[in-house]
Structure formats: structure tokens, C-alpha cells
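I have placed the structure first, in the form of C-alpha cells, so that the comments after it can refer back to it.
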Amino acid sequence: MKHLVHTALLLMLLYPILSPAQTQEATFAVPTLIQTADLSTESAIAPLMKSPALWQQLAELHQTLDQQTSNEQPRLFDQLALLSFAGQHEAVLAAYQQAKRAEDFYPYVLYSQAAAKHPPQSDGWPNAIQQQIEAVLRQADDETFVQLSQYLGWSVPRAEQYLRNVWQQVQSQQRVNRQQALAILSNAQLLEVLYQVIPLSQQQIKQEQSRRFEIQPRVMIKDGDIELTATIVRPKSAQKPRPTALQFTIYADEKAHILTAMHAAAHGYVGVVANSRGKRGSKNPIVPWEHEGEDAVRVINWVARQPFSDGRVAMYGGSYNGFTQWAAAKHVPEALKTIVPYAAASLITGLPLENNIVLTSNYEWAWHVTNNDTMDHSVYQGWQASENFKQKFYQSGLAIRDIEQTDGKPNPWFQKWLQHPGFDTYYQAMQPYKSDYARINIPVLSITGYFDGGQISALDYLQQHELFNHNSQHYLLIGPYTHGTAQGRPYEFFSNYQLDPVALEKDTEELTFAWFDHVLVSAPMPALLKDKINYQLMGANSWVSVPSFTALNQQGQNFYLRQEQTSGALILATTPAETQQSFTISVDMADRSEQRNLRHYPQILSELPDEKGLVFTTDAFEQPMQFAYSVTGYFSLALNKRDVDIGYNLYELTAEGEYFHLINYISRASYAADMATRTLLIPGQKARIPMTNTRMSARLLGKGSKLVMVLNVNKNADAQVNLGSGKPVADESAADAGEPLKISWFSDSLIHLPLIPWVAPE
């Protein structure tokens with residue numbers, strides 16, 4: 001889990017850069033100024049962007065792209081950039097209007113509207129762009145104004161960083177593929193548009209904010225020695241006390257907080273965003289996770305006493321801000337009336353651990369939030385450097401306790417979390433635990449996605465709430481969303497998968513405020529919430545609603561691991577083998593030249609990745625089937641070690657021969673039965689390992705499709721490697737690997753797949 005820097009910047013990350021070796025298409029010359037530029041400093045981009053020679057070379061690249069790709073339809077990100085670069089401003093506006101999810105590209109609209117009247121670089125250009133921005137913002141109502149402010153929330157420095165990263169990746173190459181060429185050109189044109197639009201729009205937005213809202217950007221809330229900083233926004237039209245919409249966050253960003261709180265105010269609430277201790281004006285030490293519940297309650301109680309408050313507080317927000325809601329709800333403050341956590345985080349099931357396995361992908365997060373009293377954005381500015389770091393550490397074979405040797409920087413918070421590999425009292429004190437859920441009787445709306453890396457945290461909160469509070473008012477909305485889009489608006493594509501049109505209907509913040517209206521002012525239930533559990537069935541273009549999460553898996557089929565006697569094929573069979581069968585792989589855990597159980601990209605693959613695992617396949621389905629929920633059951637296995645991290649990837653193999661990735665699973669065998677207590681395996685002795693915290697997916701499987709499960713050991717650069725010695729895994733290095741791991745799965749493993757025949761709604 002990472003903090004979301006800005007929706008639009010993340011949108012650029014949806015278009016990965018491929019190397020020429022990954023494609024057979026035409027190649028294009030890299031502009032020579034990019035090849036020879038000094039891109040080693042963060043300040044390199046701005047002066048380079050002013051070079052007429054660079055733009056002449058980009059124009060030559062544009063002409064070549066236009067000639068060789070005229071029959072190909074680029075994605076909207078590139079389409080708008082290419083049209084804008086060519087000065088086809090009416091075409092930009094038309095493409096924007098026709099697109100389904102174009103809001104984050106709104107700077108192009110303002111730029112093209114002004115450019116249609118006065119060409120950029122002309123004498124009338126500065127006034128034209130300024131007048132266009134002023135007119136649009138001035139004429140908007142409060143809700144539209146807030147939305148426009150969000151669309152114009154681009155960070156120019158971060159866009160410069162992104163362009164620098166793009167150009168650095170191709171700088172050493174003479175020629176690049178089409179996607180790389182598009183990235184070179186599109187990100188340059190985007191940055192040029194941002195240069196022209198963002199500074200002027202931010203100036204005008206500030207003026208409009210002051211005209212429309214009462215804004216208190218930095219209010220200090222003190223309780224003894226504890227200091228907390230809050231941003232408060234109220235509509236100037238407010239005549240009486242109102243409910244408060246609160247976010248509590250460690251991601252301190254005053255500008256973003258004003259926008260967040262302003263959106264709540266536009267919906268009739270008092271908007272409050274409060275920060276963790278040590279952030280912004282607070283002089284306390286910065287402490288992630290540990291005090292968030294009690295500190296959030298301090299803010300809730302303070303807000304409820306203020307003249308602007310009617311005594312009712314509703315919390316919302318995503319990722320870490322989802323965790324803070326559960327942390328507050330643990331204490332059951334009287335004024336807290338509902339929570340809406342989306343993509344909610346948890347230390348033990350998401351950051352930095354997933355099912356007791358430490359994720360190296362989250363190693364840098366502590367620096368991001370503790371290096372200063374706001375956020376250290378330099379931590380995540382170079383995604384390639386982060387990827388290189390993970391790979392370097394994996395190759396080193398070092399114990400994860402010694403990960404700091406890879407880059408020489410101390411990471412005390414990460415080291416502290418390594419001391420707690422099980423769900424012990426350290427974690428139990430921070431978030432609801434067992435009977436705590438029984439006391440949480442307020443309505444809850446959880447939102448997450450099938451592609452959300454932190455999905456299992458969100459679902460674990462839900463399942464624990466249902467388990468310990470049978471009368472819980474807990475609703476879930478889940479669809480084909482990532483960690484980012486679960487918290488906002490979805491894009492038309494995830495990777496190379498095009499979302500169903502109904503999946504695009506979700507707007508998380510608008511859904512949140514509709515939920516608040518329902519709970520607090522008796523407005524109708526939001527339209528997408530037909531029952532307690534609401535999921536978008538991929539491929540069916542429909543939403544499905546059921547009364548409980550547990551009920552989802554009451555229907556389905558049991559499958560067993562089998563090997564056909566005649567063909568030798570490994571199958572997932574609906575009947576167990578008559579005599580016990582075993583399936584064995586041998587893995588040299590010290591060998592870092594291979595990786596296993598990776599979550600492969602793209603989403604839809606033309607062939608099954610070579611994971612060196614055991615590939616089990618169902619028979620082809622004779623009719624369309626609904627797959628909806630998680631895989632449950634247990635693995636019966638034995639190994640020559642005392643522990644192992646197991647995993648699998650589950651795919652739909654379509655009748656057309658494509659592999660659609662459904663689920664990636666990882667779990668530590670010694671913690672699978674109890675996340676709080678480690679129980680080592682006995683070498684050579686058969687054990688039953690339950691599947692714990694499996695991910696959910698929901699997809700309509702076509703007639704003729706099969707399910708393919710690749711069983712494996714989890715061994716890759718994204719997580720620590722469990723060598724099975726029985727020592728604390730954090731202390732294991734490659735020297736502890738010993739003889740190769742031999743792991744056998746047995747045919748009495750039970751795999752429950754949530755499959756039922758699909759009946760199309762009338």
C-alpha cells in the first residue's frame with residue numbers, strides 16, 4: 001500500500017513502458033537532445049522544456065508516429081496529447097466529450113478552449129488562457145467547482161519528475177517501440193499544458209475558495225501533551241449546526257486537505273481533515289499506526305463540542321485513512337455515527353505484512369510518512385529505483401532484518417514491525433479485535449476492488465465484524481478496482497482488461513456522501529447498494545447483491561487434486577482419487593535466479609507464465625458459470641522443512657485460449673491456522689494447512705472456459721523468502737537454505753471454488 005500522490009499522476013502509471021525486445025512493431029528514433037541531456041538532477045526538465053530545438057525534434061517524432069500509427073487508436077492519455085501537440089484543439093474537445101473517464105485530463109480542455117481563440121505563443125495567449133480559467137470556475141456551482149478543483153489538482157513538480165523518469169529510461173537507446181515513443185511525446189505535451197494551466201488555475205481556485213467557503217487551514221486541537229492539526233471547511237451559507245464529515249490521516253498535505261474538506265462542505269457537511277500526531281503543526285513525535293484510534297477519538301469528541309457541529313460525526317477515507325476509522329470505532333465514541341472505509345489498510349494483512357509475510361514492496365513507506373511533518377515525496381519519485389532496490393535485495397540473499405545493508409539507510413519503523421510477525425497484542429491494541437467488533441453497532445460501508453493490493457485487509461474487517469456481531473450493519477461494494485480506483489473513480493481499462501460499463505458507475509466520494517445522507521438525514525439508500533454485499537460480476541456487465549458475505553461461499557463446488565492415470569494430466573476434479581496421490585516439486589530456496597508465484601502482468605495473457613509450479617485444470621464448463629467470492633478449503637501437504645510460504649495463481653482459461661488472472665494467494669504455513677501463534681511443521685509429516693484470507697474475485701466464466709490453478713512456493717522479490725529453517729523468518733539468510741525444499745501436495749486437499757451456474761437477470 002502506498003499513499004496516493006494524485007489520481008492523475010497515477011493515471012500516467014497505467015501506461016507502462018516496454019522495452020523494444022517485448023514487441024515486434026516498428027521502432028522510432030529517440031530525440032538526440034534527450035539522449036545527450038543531463039537528466040541527473042530534478043531541475044533538469046524545466047530548462048529543457050524551453051528549448052525550441054527539443055520541440056522541433058519532438059515534432060519530427062510526432063510526424064513519424066502519425067505516419068506509422070494512423071490506423072491505430074491510442075489510449076485517451078496519448079490521443080489527447082497527440083491532438084494537442086498537432087494544434088487540433090476542436091478535436092481535443094470532441095475526444096474529451098466522447099471519452100467515458102476523462103475528468104483527470106481537464107487541463108487539456110481549458111488549454112484547448114483558450115487555444116481555439118488565441119494560438120499559444122501569440123500575443124493574446126496569456127489573457128486568453130487566464131480569462132478561460134476564470135470564466136469556467138466562476139460560473140460553476142459549489143459541487144462543480146470542487147470537482148473542477150480536483151481535476152486541476154495536478155502537481156507540476158511531480159509531472160516533471162515523471163517525465164524525467166520516462167526520458168531517463170530511454171536515454172541510452174537509439175530507437176524505441178511505439179509505446180515508448182508515445183510516452184516520450186505525450187508526457188512532454190502534458191507537462192507543457194500543465195505549465196500553462198495549473199499555476200493560473202490554482203491562483204483562481206484560491207480566490208473562489210475564499211468567496212464560497214469558510215476555511216480554517218490549520219486548527220490546533222490539544223489534549224494534554226497531545227497536539228493534533230486539523231483543517232476545517234464550512235459553507236459560508238451555513239446557518240445552523242451540521243454533521244461533520246471527518247478524515248483522520250498521516251498523509252499531511254494542507255492543500256489536499258482543503259480540497260477534501262471543501263468537497264464535504266459542498267455536500268452540506270462540515271468538512272474536517274485531521275492529522276496524526278507529529279504532522280503539520282503538532283510538535284509530538286511522529287508515530288504511525290499506534291495511537292491513531294485514541295487520537296481520532298480526541299478529534300471526534302472535540303468536533304462534537306464545537307458550535308458548528310450538531311454532535312454527529314461520520315468518518316470516511318481510504319487506505320491508511322480506512323484503518324484510522326476502524327481504529328477509532330474500536331473505542332466506540334458516542335458521536336461517531338457511521339464509517340466508510342475504502343481499501344482499508346491493516347499492518348498484519350496489508351502493510352507491511354500480508355498473511356504474516358513481510359512485503360518488501362512496502363519497505364519505503366515508513367520514510368514517506370515519517371521523514372518530515374508533511375510527506376517525503378522523494379521516496380516514491382523513482383519507481384524504477386524502487387524496483388531495482390527490491391531486485392538487488394532479493395539477489396543478495398540477505399535476511400530481511402539486514403535489508404538496510406542494501407542501501408545503507410536505517411529504517412527503524414520497519415525494524416520494529418519485523419519484531420511482530422504474528423497478530424500479537426501490538427496489533428490487537430491498534431484495531432478492533434474479537435469482542436471489540438461486537439460493540440461496533442454503527443452502519444459501515446466498505447469499498448474495495450478485485451485488483452486492490454490491500455483487499456484482504458478490507459475483507460478481513462468485514463468478516464470479523466460479521467463473525468463477532470451477528471447484527472452488524474455492514475455493507476460492501478467491490479468491483480474491478482485497484483487500490484487507487486477503489487478510492488475514487490475507475491478507469492475504462494485495468495491493464496489490458498476493459499471494464500464493463502456498469503463498473504464505471506462507481507464514484508467513491510459521491511457514493512460516500514449519498515451514504516452519509518442515508519444514515520444521517522434519512523435519504524434513500526445509494527442506488528448501487530441493493531443488499532449488504534454488492535459485487536460487479538466481470539464479463540456480465542451487471543451488479544449482483546446478496547444478504548451476507550458468508551452466504552456468498554455457501555454455494556459452490558468442492559474440487560480435489562488428481563492426476564489422470566492414462567494421460568498423466570493434473571486436474572481439479574469434483575471427486576477425490578480412489579487412492580492417495582501426491583504431487584511434488586523441489587525448489588532450491590537459495591537460488592535467486594528464479595522467482596515463483598509472481599502476480600503477472602498484464603491482466604489477460606496469451607499463454608500461462610512459466611512459474612515452475614504444479615498446474616491443475618478443471619474440465620471445460622458446459623455452460624456459463626459465475627465465479628464469485630474467494631477460494632476456501634485446505635491443502636494437505638508435507639515437506640522436508642519446518643515451514644514454507646505457499647501460494648497459487650488462479651486463472652480463467654477461456655475457450656479462445658486466453659488466461660484471465662483471477663487471484664494471487666500467499667500464506668505462511670506456520671501461521672495459517674492462527675495468525676497470532678506460529679506452529680512449525682514437522683519435516684516429513686503430513687499437515688493440513690487452511691487457506692486463510694484469500695482474495696475475492698467475481699467473473700462470469702464463459703461456456704468452454706476452464707479454471708487453472710498453479711500451486712507453488714512463494715519465492716520472489718516482492719516479499720521476504722521463508723527458507724524453512726524454523727528460525728524467525730526475518731533472521732533467515734540464504735545461508736540457512738540448506739538442502740532444496742521438497743514439498744508435496746496430496747490428493748485429499750480440498751479446494752472449494754465459488755462456482756454456480758449463471759442465470760442472466762431478466
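Just so it is clear, the structure is predicted and the values come from calculations on it, not from any experiment.
- If you take CD on Gln169 and CG on Asn165, they are separated by 7.0 Å, rounding to the nearest 0.5 Å.
- For Tyr380 and Trp365, the ring centers are positioned 6.0 Å apart or more.
- A side-chain donor-acceptor contact under 3.5 Å links Asp78 and Ser186.
- Using bins of under 30°, 30° to 60° and over 60° for the plane-to-plane angle, the ring pair Trp417/Trp289 lands in the perpendicular bin.
- Side-chain rings of Phe105 and Trp154 stay apart, their centers remaining 6.0 Å or farther from each other.
- Side-chain N or O atoms of Lys506 include one that pairs as donor or acceptor with a backbone N or O of Thr485 at under 3.5 Å.
- A search for salt bridge (Lys or Arg N to Asp or Glu O under 4.0 Å) contacts involving Glu254 returns Arg218, Arg280, not counting sequence neighbours.
- Using a distance-only test at 3.5 Å, with no hydrogens or angles considered, no donor-acceptor pair links the side chain of Asn321 to the main chain of Tyr251.
- Using a cutoff of 4.0 Å between basic side-chain nitrogens and carboxylate oxygens, Glu594 and Lys715 are scored as salt-bridged.
- Two rings, from Phe389 and Tyr363, have their centers less than 6.0 Å apart.
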Could you pull out all donor-acceptor pairs under 3.5 Å where a side-chain atom in residues 83-97 meets a protein atom, sequence neighbours excluded?
| unit_1 | atom_1 | unit_2 | atom_2 | d |
| --- | --- | --- | --- | --- |
| Ser84 | OG | Gln189 | NE2 | 2.9 |
| His89 | ND1 | Ser112 | OG | 3.4 |

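- Note that NE2 of His377 and CG of Asp253 are 5.5 Å apart. Values are rounded to the nearest 0.5 Å.
- Under the 3.5 Å distance criterion, the side-chain polar atoms of Gln455 are matched with a main-chain donor or acceptor of Gly449.
- Of the possible donor and acceptor atoms, one in the side chain of Arg164 sits under 3.5 Å from a partner among the backbone N and O of Ser40.
- Aromatic ring centroids of Phe323 and Tyr320 lie under 6.0 Å apart.
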